[in-house]
Amino acid sequence: MQHYSADEERTTRVEPSPENIIDNSPIGLYIVQDGKFQMVNLQFQKETGHTETELLGMESLRLVHPEDREAVRVNAILMLKGHRTSPYEYRVLKKDDEIIHILETVTSIEYRGKRAAFGNFMNITERKLAEEKAQRLGQTLRLLGQIGQLVLENDEEEELLRKACVLIIASQNYKLVWIGFIREGSPEVTPVAHAGFDETFLSSLRRGVDNPEYGSGPADMAVKMGRPFVIRDVANDPWYRPWREEALVTGYRSAAALPLKVGDEMLGALTVCSRYADAFDAEELALLSEIAGNISLGIQRIRQAEQYRRANEALRQSEEILRLMFESLADGVTVVDLEGRIVRVNEAKVRMHGCDSKEELIGKRLEELVVEKDLSKLHENRTKVLNGTPLQHVEYTFRRKDGREFSGEASTAIIRNAAGQPIGFIWVSRDITEFKKLEERLLVADRLASVGELASGIAHEINNPLTSILGFAELLFSRQDLPEDAIPDLEIIRRESHRAATTVRNLLAFARGQTTAKAPLDVNTAIQNVLSLRAYQHRANNIQVVTHLADNLPPVTADSFQFQQTLINIIINAEYFMVEAHGKGTLTITAEMDDKAVRVSIADDGPGIAKKDLGRIFDPFFTTKAVGKGTGLGLSLCHGIIAEHGGQLYCESEPGQGALFTIKLPPCLKDWSIEHGNHKV
């Protein structure tokens with residue numbers, strides 16, 4: 001190795017000139033003045049295929065693809081005026097007419113005393129081709145998911161194959177597609193479904209079958225070899241000579257045939273044709289093979305419906321493939337490292353927890369999404385998964401960003417690296433709040449069905465002795481020689497018998513459907529009738545009634561008896577709790593239009609309803625009254641009546657602030673007339 005002194009270094013160092021820098025730049029550089037090239041560097045000459053002599057003095061737009069010239073001219077003007085600073089893309093025609101893609105930036109400079117444009121551009125053709133390839137693969141990947149869904153939704157083989165062909169064409173990657181089967185007694189593949197061409201084109205596809213001199217087509221070869229068979233360029237491949245003319249006229253340049261098989265049984269082939277030569281690389285063939293596999297599984301499911309277990313396994317395999325469509329899943333997907341920290345989530349998981357972005361979840365510990373009482377279960381299940389036991393549909397109570405809780409379930413599996421070592425977990429979770437509510441409603445419905453059967457079976461057995469008890473009690477009351485000390489006991493017998501009879505009637509009314517006689521009903525009149533019935537009790541219990549009944553309310557279509565029964569039940573409930581709490585109270589009833597519904601509000605100033613009870617007050621058999629004071633059927637009856645009338649009944653309450661029951665019913669939409677005072681409205 002030689003060493004030089006500082007003086008020797010100074011004498012041997014060569015400072016590069018601007019010309020050297022420009023000529024040796026890896027980026028194409030040029031100067032355009034008055035629309036013509038005034039300077040071009042070596043890289044620019046190399047990219048365009050022209051010599052410096054050919055380029056200098058040439059109109060700059062001559063190199064631009066005709067379809068891009070106007071856009072290039074406008075972009076250059078905007079950049080020179082300072083209105084645009086970002087690079088823009090366009091196509092260039094090289095000397096040999098090859099088209100390349102360019103990314104260019106233009107700057108305004110002074111050159112030889114005049115204004116000029118100094119530009120630099122980069123050849124991004126390979127990147128563009130890679131983007132186009134990625135786009136095609138993305139379309140094919142989406143197609144894979146669509147085919148998977150199609151397989152699940154169709155139970156007829158012919159319909160499945162026809163729709164599969166239509167879907168593949170709709171992806172815009174391919175020009176033609178057809179599916180063929182091996183027919184019994186024949187080794188050739190016969191078309192059974194197609195898209196992208198008419199029936200007349202099928203004649204060319206059948207040449208391999210009808211005329212052996214042509215040899216086998218791509219589909220036949222795929223079936224014989226049991227693997228994909230590809231024609232890279234139909235225009236130049238001598239093997240494709242029998243079909244070349246039809247291919248060029250139809251507009252496809254390459255073809256790929258994928259075998260369709262179930263187990264060891266070869267069914268036929270899926271053939272797709274592309275507009276472009278060399279269209280089918282390894283990645284695309286792999287996706288097409290998966291599509292062919294999914295179609296084969298669909299055929300198997302249809303043909304062998306009794307083999308449900310195998311079809312279900314095939315579905316799980318398809319779901320594993322669809323894992324790539326991470327962001328489109330409706331379930332929340334969470335990837336967690338071994339330390340329990342979230343490293344990746346999809347949008348469904350973000351929405352599930354009420355967050356605005358993924359960043360709000362990434363980096364958090366999984367424990368932060370689960371309520372405290374479920375943490376031990378979470379840790380225990382994580383250990384099980386690490387020990388090789390995958391867990392599915394485990395229920396947890398999750399927490400949203402705002403602190404609210406909701407029911408969910410999660411399936412957990414371990415993630416391993418290429419060496420088989422665990423590196424994290426994948427959590428697939430979903431919100432099952434609505435499912436849980438439905439489950440609860442089904443349990444209640446089942447309970448009600450049992451109650452209905454029981455009530456129907458014992459109604460006469462209970463009512464007959466009750467009738468006898470009441471009858472004999474009345475007879476005893478009518479006796480003149482009845483001892484005074486027996487009267488209170490008889491009164492108890494009569495009162496309790498009436499209460500038992502009322503309970504039986506309520507059970508029967510709740511458990512079995514009742515026909516209703518609906519007609520236009522004036523809500524204000526119904527309210528006033530009910531208040532008249534309860535006027536004595538209101539006076540006796542020191543309850544003040546305040547009404548706000550809007551004029552000119554439209555009628556509702558309702559059963560008058562059932563609607564008034566609903567009002568009475570709600571009012572009696574309010575009376576009971578106000579008297580129990582204060583020995584008095586104020587009942588406020590409002591009737592008005594609310595958007596497109598008639599709204600009746602019944603408010604009391606009683607003790608209110610505890611938060612834990614508010615969601616259950618309409619459940620059958622649920623009551624907060626003292627034992628013997630209520631059956632828990634009154635509000636359930638009310639809710640059922642209003643729902644049957646196409647309306648809504650709900651309650652709002654805070655402990656210590658009374659309760660507000662709201663009834664909403666749609667107004668009568670048909671021609672109507674009701675008696676209102678002395679006038680017919």
| field | R365 backbone acceptor or donor facing E368 side chain under 3.5 Å | value | yes
| Check ion pair E59-R62 (N to O, under 4.0 angstrom) | no
| request: Report the C-alpha distance between S429 and M352 in whole Å, list the side-chain angles of each, state the deciding distance to 0.1 Å, and finish with yes or no for side chain to side chain contact (heavy atoms under 4.5 Å, CB included). | output: CA-CA 9 Å; S429 55; M352 186 182 300; 3.9 Å; yes
| message | For the backbone of R430 and the side chain of D331, can you confirm whether one donor and one acceptor N or O come within less than 3.5 Å of each other? | response | no
| Passes salt bridge (Lys or Arg N to Asp or Glu O under 4.0 Å), E359 versus K364? Steps please. | CA-CA 9 Å; E359 286 69 25; K364 286 182 177 292; over 6 Å; no
| said: Are E156 and I302 packed together at the side-chain level, in the sense that at least one heavy-atom pair is separated by less than 4.5 angstrom? | reply: no
| Between F37 and F44, does the ring centroid distance fall short of 6.0 Å? | yes
| query | Hey, does T412 have a side-chain heavy atom less than 4.5 Å from the side chain of I426? | reply | no
| task | Could you check N387 against T389 for side-chain hydrogen bond (donor to acceptor under 3.5 Å, both in side chains), going step by step and ending with a plain yes or no? | result | CA-CA 6 Å; N387 292 333; T389 304; over 6 Å; no
| Within-4.5 Å side-chain heavy-atom neighbours: R232 and R253 | no
| said: Taking the six-membered ring of F398 as reference, does the cationic atom of K349 (NZ for Lys, CZ for Arg) lie under 6.0 Å from its centre and within 45° of its axis? | reply: yes
| field | Side chain to side chain, V345 and V333, heavy atoms closer than 4.5 Å | value | no
| message | Between N417 and A419 (side chain of the first, backbone of the second, donor and acceptor by atom type, cut-off under 3.5 Å), is there such a pair? | response | yes
| query | Where do Y396 and N381 land on the side-chain hydrogen bond (donor to acceptor under 3.5 Å, both in side chains) test, with the steps shown first? | reply | CA-CA 11 Å; Y396 297 92; N381 289 338; 2.8 Å; yes
| Main-chain N/O of L150 paired with N154 side-chain donor or acceptor, under 3.5 Å | yes
| message | Any heavy-atom pair between the side chains of S254 and C273 that's under 4.5 Å? | response | no
| For F406, is the NZ or CZ atom of R400 found under 6.0 angstrom from the centre of its six-membered ring and inside 45 degrees of the ring axis? | yes
| query | Donor-acceptor pair, E159 side chain versus D155 backbone, under 3.5 Å? | reply | no
| said: Using a 3.5 Å distance criterion without hydrogens, assess whether the side chain of S411 forms a donor-acceptor pair with backbone atoms of H393. | reply: yes
| Could you walk me through whether V177 and L270 pass the side chain to side chain contact (heavy atoms under 4.5 Å, CB included) check? | CA-CA 7 Å; V177 60; L270 164 69; 3.7 Å; yes
| field | L260 vs I179, side chain to side chain contact (heavy atoms under 4.5 Å, CB included): CA-CA, chis, key distance, verdict | value | CA-CA 9 Å; L260 301 175; I179 295 173; 3.7 Å; yes
| query | Salt bridge or not for K163 and E153, using N-O below 4.0 Å? | reply | no
| query | Ignoring hydrogens and geometry, is there a side-chain-to-backbone donor-acceptor pair from D68 to V64 under 3.5 Å? | reply | no
| Within the side chain of T105, is there an N or O that forms a donor-acceptor pair under 3.5 Å with the backbone of N120? | no
| field | Ring centres under 6.0 angstrom apart (H101, F121) | value | no
| note | Partner of E47 under side chain to side chain donor-acceptor pair (under 3.5 Å), picked from Q45, Q43, H50, is Q43
| Sole residue of R69, E67, E104, H65 in side chain to side chain donor-acceptor pair (under 3.5 Å) with Y90 | E104
| Any donor-acceptor pair under 3.5 Å from D337 side chain to R341 backbone | yes
| query | Can the positive tip of R303 be found less than 6.0 Å from the middle of the six-membered ring of F181, inside 45° of the ring normal? | reply | yes
| query | Is the backbone N or O of G28 less than 3.5 Å from a side-chain atom of N41, with the two atoms forming a donor-acceptor pair by type? | reply | no
| query | Does Y252 reach the side chain of V234, with side-chain heavy atoms less than 4.5 Å apart? | reply | yes
